[in-house]
Structure formats: structure tokens, C-alpha cells
Amino acid sequence: MAQASSQFESLLGAGAPRDGAGDRLWPALSRPFRRVLPARGIDEIGERLRGVVSRRRARRIEWRRARAIVREADGLRSHSEHALDDRIAEMREAVALRRDDPRAMDAAYAVMREVVRRETGLDLFVEQVLGAIVMANGCCAEMATGEGKTVTAILPAALDGWLGRGVHVLTVNDYLARRDARFTSGSYRRLGLRVGLIQEQTGQEERRRAYECDITYSADKQVIFDFLRDRLHAPVSARLAPMLLDELAGPEGEGAAHWIRRVVQRGQYSAIVDEADSVLIDEAITPAIIGVDVPSEREGELSPHRVAAEAAESFAEREDYTVDRRARQVRLSAAGRARLIGLAERLPAFWRGPIRREELMIQALTAKALYRRGEDYIVREDEVVIVDRSTGRVLEGRQWQLGIHQAVEAKEGLALSNERHTAARVSYQRYFQRYRRLCGMSGTIWEVADELWRDYGLTVVRVPTHRPVIRRQERDRVLPTIEKKMDAVAARVCALHGQGRPVLVGTRSVTSSETLGELLSARGVACRVLNATREGEEAEIVAGAGRSGAVTVATNMAGRGTDILLDDRSRELGGLVVIATERNEERRVDRQLYGRAGRQGDPGLAETYVSPEDDLVVRHGLRSLGWLARRSPLRGVLMWVLLRQAQRTASAKARVLRSQAAKSEAWFDLAMHHQTR
């Protein structure tokens, strides 16, 4: 993979790598990052008002400006290749001198639009130019699925790339980063910019070269972990004198500042984040951690987690312990504590005390009752791999903390991994706050506009679609139980498949997707199943979901970043039918799924099947309202109210959790005087 990355960089005309020590020296000596503490009290109200005012100002979409850019770009079509190159050089110089001058930006955008047309064959719509203006102004653009966000990002990325300080264009996975880099490379090369690509297997030296390029494409997790590894190489607080002495000593020196040549990044200047709601909000408080393995058990000693897992199988819920599934907590009863006394003899000496053995047992019961295979994790190659509940994607290399991961491994009968001590950590939110210029794009970001302003100072602007959305949205269909709901979904899919219409069914978990796939197979309907266990096939499966007669069953991971294109037969039959088998905790995740149908003016249909037994209702719905919804003849109306209430409650809880985590981390930084890794 490292060799492929090198060949790719050569293909893009990156040229010979330069010694980037100077590029890494001065950012380390610049004004250190200081995180502003979250506002409190009356200041918090003031910040919210500022956000509202900012969004109102940004709503004044600059149609006249965007149309003028398009007209100027159309006037460049008659330019020869040589004349266009001269114009590119002129605009590059103008932007370097006046980056924030709207006239310089507009003239540059006109040139870039013509370059994109010649290199890709795509004419950027006025709406795409609007999206580029929004992002260049440091905002987040909400652009619907299929509106061409990948090519839109070329304009703001090139604008900052001309300044020579490095632009990170970040996506949610390696495949999308590779695809986008290859698709846009010709345009960047024509604009005189070097493009780098970072993948999971990219080596250290190749990463350094990629970051030295003007534009660097990568998955978000790659840049964050490169940042952490650089912090391990670098001193906690850089000082000028040793670094200058090291530079004077030359590459043969042994000075203390040789870390400059071991780090790969050259600072955080500009970032464009695709699927910004997922990265900046859903992952906001997720810590990226580089850990050091610490053996969790002594050689020849029976693992306490295995002892507890075996004992947990004999513990009865309500009798020995209680489970609060809404708060995700387990409590031992008096009977359970009494049973633990006999268990103590089998435990290592450290765990025999009443407090420690109770802690160990609660971990085992938590793994048994609250961590579900196929929903919270999957087992792959005899390892527990965490699954993100909101997206259905696997979270490679992550572990649950406080012994929960080992408790889940013991429950599954797998070899126990070592617990880890943290060597370096940073949350996604804290990392992205370090960029001097930050913007993003997503099809579903309006619902989190307040949080984006509060945490990043980003304003959200809705960009209109190029063509009207003609997708039909049906009313929710309510079934009394999950089993009846899944049978109804399978019957509906069979009927649509018989008509030849393409169908995409969205589920919330790996288990649900597999169950529905089996139901359809039993009815003679061939389908493709996409979930965390088949993530490598994601692009291929989603790309073919628009063909006539195609049936695709997928978790929420489906479709983020990949367009579903209809063939002529599918379009004649009414387009893609999207069926949601459950409402999600965030309304924008529902919108993301529905948005798979009806892209760029295509026909389409969206349907939702729900039940009072759905996880959203059980965990966040009002119990009294749920009781009525099960028994009242007005079940449809009551379920609509119940689902809206449950979604609002779930969203509010998630917002509070993110806010509390952000405040805790900010105060921790202050207490440590910002001198932490």
C-alpha cells in the first residue's frame, strides 16, 4: 500500500519530496493552542444569540455573486490552454496576496470552475458554486445527497492550497479518500497543486510526503492518530533554542530537537470535513487514544474476567441484579452480593475484597445484559470489534474502557486482550478546534447547527438543490411487534421486487440486517446485505442498489459518500424505494437514509415501518404513551407523537453528554496547564 501511495503521488506530479523540517519547525513555535472554556450562565445565552444572528446573516444566499462567477467562467471557455494557464498563475498570485478579498476569490473561482470542466467534464452548477463560497467563508454547507459535494470541495481546497500551508480534505473512510483523491487529482494538478493520499497501510515516510503536499486526502482517523504519534515524538512544550541549535548542527547532529524529522504533520491550518455531522458531532467526544499494553493477568493465574463471566451466566435478572437499560446501568441486589461471597475463593487475591469483586461482577453482568453482539460489536477473526450504533461502521483499533472490553471478550470465550494505559489522547472535538480554517459539508447537518456554533464557531448554511426533490414520503406504518414488522417489511420488499423496482432497506443493527436477509432469502428474493461484517464491499453494493430488481439490505453505514444511480428501467418504474425498518435516535440519520432516493430530481419513494417494541421507543419513549400506543385504536397518531418525543429526548441526552464531556476536557486542560499529551 505504501508503494501504491508513492506511485499515486508520482502520478499526480508531486515531484521530488522536499525536506519539510522547516515546515514543521515554525508551526511548533507559533502561538500554542489555547482552548477557550465553554461559556456558562449568561455568557452561554449570549453565545447562542450570536449563533442565531450568524446563521440569519449567512442565510442570505449570494445568488448574484454565484451567477456572476458562472458567467465569468463561461467566458473562459474560448481561452486556449496556454491562456488559461496564464490566468491560473495570475489568480494564484492574487489569492496569495488577498485571500479574503471577495473579488479575488470570485475571479479565482471562475478560473477553477473552467479547470474542473476541462479536467472532469463536469460543469459546476450555480448551487455548487454557492456551496464552495459557503465553505470558503468558514461555514458548513448542507448539500443534499447527489449534489456533487466531492467536486464542490475542489474550489475552497484549491483556494487555501494556493497559500502553501497545507489543506486536509477529510472523509469517513479510506475508500472515499482514495476515490476522491483520484477523481480530483487532474483538476488540482492543472491548478499547480500537489496532492497527497494517506491510507491505513501508508508508511511513515510516505505520510510525511503526503502532508508536504498542498492538498492531503485522508480519513479523519488517520490524521488524528498521526497527530497523536507526532505528540509522542515531540516535547510537551517546544523551545526555540534547542531547535535552532539542532538545525545548525545539521542532519548528523544529536540535538534534542531531532524530533522535527520524526514527525509527519506540519501543523493544522485548513481542513474541509466531508460528512461533517458524523465527524464533528457524532464523534465529537470520542477519544482517539494511543495506548500501551499492560498485562492484565499474571502467568498461570486464572483470569478474573473469565471467572466473573462464568458466574454471570448463573445470575438471574431481577433476582440477583437489576438492569436500567435507559441509563445503561447494572446494580447487584442483596442476593447477588451474597452469592459473590462464594465466588471470591476462585478469584486472584487482588479481586477478593467486597468492593473489587462487586466491581468485577458488575462488569461481567454489564457485558451480558447491555452489550449485544451484532449491535454493539461483532466478532471478527476471534477478536471483538466495536460497532458504531449511529452509523453501523466498525471502529477499528478501539477498546471499551474500565475492563468492559475484557468482560465482553470473556463472555464470548475469546482470548483476552491486554488492558491499555494511555500514552496520548485527544478527542475529535479538541483536535478539530486546532485548525485555523475549518469548514465542512454534509447532506444532514441543519439539526446540529447550534452545537457546531458552540463548539467550533461554524455557521450552517442550507444550499438549495439543483433540481426539485420529487421523492414521495409515505406515512409511517405501525405494527404491534418487531416480528410482525419484519414480516410486513419482507412482504413489501417481495411485492416491489416483483414489479422490478430497486429497493434499499435500512436497519439499525447488524443482527436486524442479517435477520431480514434470511427472511427475504426464504421467500426466494436474492438480496445483498451490507453491514459491519461486509464493510469492504460497501462501495460495490451501494453503487449497484439502483439497478432494476436490486434488493439491498443495509445498516446506517449504507450510502454515506456513494451515489446510488438509477438505470433507465428503474427510473421508468418510479425510482428507488427506501424502506426504514425503525426510526433512529437522530432525525438527521433518518433524513440521510431517505435521501438515498430522489437524488438530482430522480423519482423515488420512502417508507418507514415502526413498532412500540423498537429500541428507540423502549429506551427513550414515555412509558405511559407507549402503553397507550399499544392498546389505543389511535395507534398511528400516538406512535407518531411517541416517536417524535423519543427522538427529541434521545437527541437532547446526546447533546447534554457531548456538552458535559467538552466541559470536563476543557477544565482538565486548564488544570494541567495545557502541558499534556
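Counting begins at 1 with the first residue of the sequence. Everything numeric here is computed off the predicted structure, so don't read it as measured data.
How far CZ of Arg547 is from CG of Leu565: 10.5 Å, rounded to the nearest 0.5 Å. The OG1 atom of Thr150 sits 7.5 Å away from atom CG of Leu176, with the distance rounded to the nearest 0.5 Å. Note that CZ of Arg190 and CD of Glu119 are 6.0 Å apart. Values are rounded to the nearest 0.5 Å. Taking SG of Cys439 as the reference point, atom CE of Met135 lies at 6.0 Å (rounded to 0.5 Å). The OG atom of Ser218 lies 7.0 Å from the CG atom of Asp226; values are rounded to the nearest 0.5 Å. Summarising the geometry, atom CD belonging to Glu142 is positioned 11.0 Å from atom CD belonging to Glu147; distances are rounded to the nearest 0.5 Å.
Two residues are said to be in side-chain contact when any heavy atoms from C-beta on lie closer than 4.5 Å; Val384 and His405 meet this criterion. Using a 4.5 Å heavy-atom cutoff, the side chains of Cys140 and Val460 are in contact. In this structure, the side chains of Val387 and Glu375 stay at 4.5 Å or more apart for every pair of heavy atoms. Residues Arg165 and Asp160 are not in side-chain contact: their nearest non-hydrogen atoms beyond the backbone lie 4.5 Å or more apart. For the pair Asp376/Val408, no side-chain contact is recorded, criterion being any heavy-atom separation below 4.5 Å from C-beta on. Looking only at side-chain heavy atoms (C-beta outward), Thr184 and Ile215 stay at 4.5 Å or farther from each other. Taking the side chain as every heavy atom from C-beta outward, Val116 and Gln128 never approach each other to under 4.5 Å. For the pair Val264 and Asp230, the minimum side-chain heavy-atom distance is below 4.5 Å.
Taking each heavy atom of Met143 and Thr152 in turn, the nearest pair found is CE-OG1, 3.7 Å. Of all the heavy atoms in His305 and Leu416, the pair that sits closest is CB-CD1, 3.9 Å. In this structure, Val167 and Gly161 approach most closely via the heavy-atom pair CG2-N, 3.5 Å. Residue Pro502 comes nearest to Ala545 through the heavy atom pair CB-O, 3.4 Å, listed as atom of the first residue, atom of the second, then distance. When all heavy atoms of Val115 and Ser187 are compared, the closest pair comes out as CG1-O, 3.7 Å. Minimum interatomic distance between Tyr371 and Ile404 (heavy atoms only, all atoms of both residues): CZ-CG2, 3.7 Å.
For the pair Thr581 (side chain) and Gly506 (backbone), a donor-acceptor distance under 3.5 Å is present. Side-chain N or O atoms of Asp590 include one that pairs as donor or acceptor with a backbone N or O of Asn584 at under 3.5 Å. Between the side chain of Arg207 and the backbone N or O of Gln199 there is at least one donor-acceptor pair closer than 3.5 Å. Panel note: side chain Asp214, backbone Gly164; no donor-acceptor pair is recorded below 3.5 Å.
No salt bridge links Glu212 with Arg209; every basic N to acidic carboxylate O contact stays at or beyond 4.0 Å.
Each of Val503, Leu576, Leu504, Val578 was scored for a side chain to side chain contact (heavy atoms under 4.5 Å, CB included) with Thr552, with one residue passing: Leu504. Among Phe227, Tyr211, Tyr431, the single residue meeting the ring pair (Phe, Tyr, Trp, His ring centres under 6.0 Å) criterion with His168 is Tyr211. Screening Arg655, Arg588, Arg591 for a salt bridge (Lys or Arg N to Asp or Glu O under 4.0 Å) involving Glu447 leaves a single residue, Arg591.
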**OP:** Kindly determine whether Leu197 and Arg178 satisfy side-chain contact (heavy atoms from CB on, under 4.5 Å), including the steps that lead there.
**Re:** CA-CA 7 Å; Leu197 172 65; Arg178 183 171 63 253; 4.0 Å; yes
**OP:** Please test Met441 against Val463 for side-chain contact (heavy atoms from CB on, under 4.5 Å), starting from the C-alpha separation and ending with a verdict.
**Re:** CA-CA 10 Å; Met441 51 189 177; Val463 178; over 6 Å; no
**OP:** Could you go through the side-chain contact (heavy atoms from CB on, under 4.5 Å) check for Val589 and Thr444 one step at a time?
**Re:** CA-CA 7 Å; Val589 180; Thr444 51; over 6 Å; no
**OP:** Tell me, with the steps shown, if Val223 and Thr216 meet side-chain contact (heavy atoms from CB on, under 4.5 Å).
**Re:** CA-CA 10 Å; Val223 297; Thr216 305; 5.8 Å; no
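Heavy-atom contacts from other residues, nucleotides or ligands closer than 6.0 Å to CD of Gln204 number more than 12.
Aromatic ring pairs are classed by plane angle as parallel below 30°, tilted from 30° to 60° and perpendicular above 60°; the pair Tyr428 and Phe432 is tilted.
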